[in-house]
Amino acid sequence: MSQKHKKNLLVKLGLLFGVIILLTALGCKKSTPESTQTTESPAESPAITYPTNERLTNEATTEETVSPSPATSTPTSTAAETPSPAASPTAATTPTSPTSEVKTTDEDLTLKQQAEKLAEIYGTYTNKDKEPYKNFKELKPYATTKMQAWLDTQTKKSPEESDAPFYGVTTKALSSAVIESSADAKKILVTVKQEEITSTRATPQVSYKILLLNFKKEKEEWKLDGVYWQ
């Protein structure tokens, strides 16, 4: 091939490459607006998402408007609670002791003092006493016939051996209350404090207990008819 043809061929190839490059450049320019258009599309998206956000805010506001309902529910709960005090007086009226104490204040006061005294006698004893079951024997003058028979059965039990370890308890009445009352029977609760001492423990062990004392009217006199630790 002659040099002239080679030059013409190179010129044509150069023109061809130039055209290709130009077309490529034009294609890029055309694509960039499309990309800008695609990038501009999110600018329109707030207009689309805004109503949805507004809908959510509306739903939130509706939830907030619903939220005061607990406030409305609390009055109903308080209203539900208010009848209970109205019902409580019925429970308060069940014990007859307040009315009986009002009618027989002096008698109940005297009997409460006697109950505290008998509780101290009943709960104070030692196994080294010279007279076994001294506390039971001291209760007999204040007891009914039925109670005296029970005390006799207790005092007839054989006492502990003389070489048994020392044990002693002292009982002190703290308070008392009439819990049941009728014309011929009363029940009194006595709260006591006890101090126990043994041969192996010199320091008293303190405890608090409740003693129930039943009283019965026998020959127009109130007598002890039963003693029960609670």
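For clarity, every value in this text was computed on a predicted model and none was experimentally measured. Here, residue 1 is the first one in the sequence, and each next residue gets the next number.
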Can you measure from [atom1] ([X]) to [atom2] ([Y]) and round to the nearest 0.5 angstrom?
X	Y	atom1	atom2	answer
N135	Q154	CG	CD	10.0 Å
K193	S175	NZ	OG	13.5 Å
D152	M147	CG	CE	11.0 Å
Q114	L109	CD	CG	12.0 Å
T170	I197	OG1	CD1	6.5 Å

Is there a side-chain contact between [X] and [Y], using heavy atoms and a 4.5 Å cut-off?
X	Y	result
T153	K156	no
N214	K186	no
D225	F215	no
L211	V227	yes

Are the side chain of T124 and the backbone of I121 linked by a donor-acceptor contact shorter than 3.5 Å? no

Is there a donor-acceptor contact under 3.5 Å from the side chain of Q148 to the main chain of K140? yes

Under 4.0 Å between a Lys/Arg side-chain N and an Asp/Glu carboxylate O for E131 and K137?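 A salt bridge is present here (some side-chain N lies under 4.0 Å from a carboxylate O).
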
Carboxylate-amine/guanidinium contact K217 E107, below 4.0 Å: yes

Does the side chain of [X] pick up a donor-acceptor pair with the side chain of [Y] at under 3.5 Å?
X	Y	result
E116	S176	yes
K209	Q230	no
T144	K216	no

Please say yes or no: joined through hydrophobic side-chain contacts below 4.5 Å, possibly via intermediate residues, are Y133 and Y142 part of one cluster?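 Linked, Y133 and Y142 end up in one cluster.
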
Hydrophobic clusters here meaning ILVMFWY residues chained together by side-chain heavy-atom distances under 4.5 Å, can you tell me if L213 and W150 are in one? yes

Of all the heavy-atom pairs spanning [X] and [Y], show the shortest one and how long it is.
X	Y	answer
T126	Y167	OG1-O, 3.0 Å
V190	A119	CG1-CB, 4.0 Å
L139	L151	CB-CD1, 3.9 Å
P204	E195	CB-CB, 4.1 Å
G123	V169	O-CG1, 3.5 Å
L111	W222	CD1-CB, 3.7 Å

Using side-chain contact (heavy atoms from CB on, under 4.5 Å) as the criterion, list what pairs up with T145, not counting sequence neighbours.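 For T145 the side-chain contact (heavy atoms from CB on, under 4.5 Å) partners, ignoring immediate neighbours, are E218.
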
Y208 and V192: side chain to side chain contact (heavy atoms under 4.5 Å, CB included), yes or no, with the steps? CA-CA 6 Å; Y208 297 88; V192 300; over 6 Å; no

Can you check side chain to side chain contact (heavy atoms under 4.5 Å, CB included) on I179 and L212, steps first, answer last? CA-CA 10 Å; I179 60 171; L212 173 63; 4.1 Å; yes

So Q194 and T171, side chain to side chain donor-acceptor pair (under 3.5 Å) or not? Walk me through it. CA-CA 5 Å; Q194 285 191 324; T171 302; 3.0 Å; yes

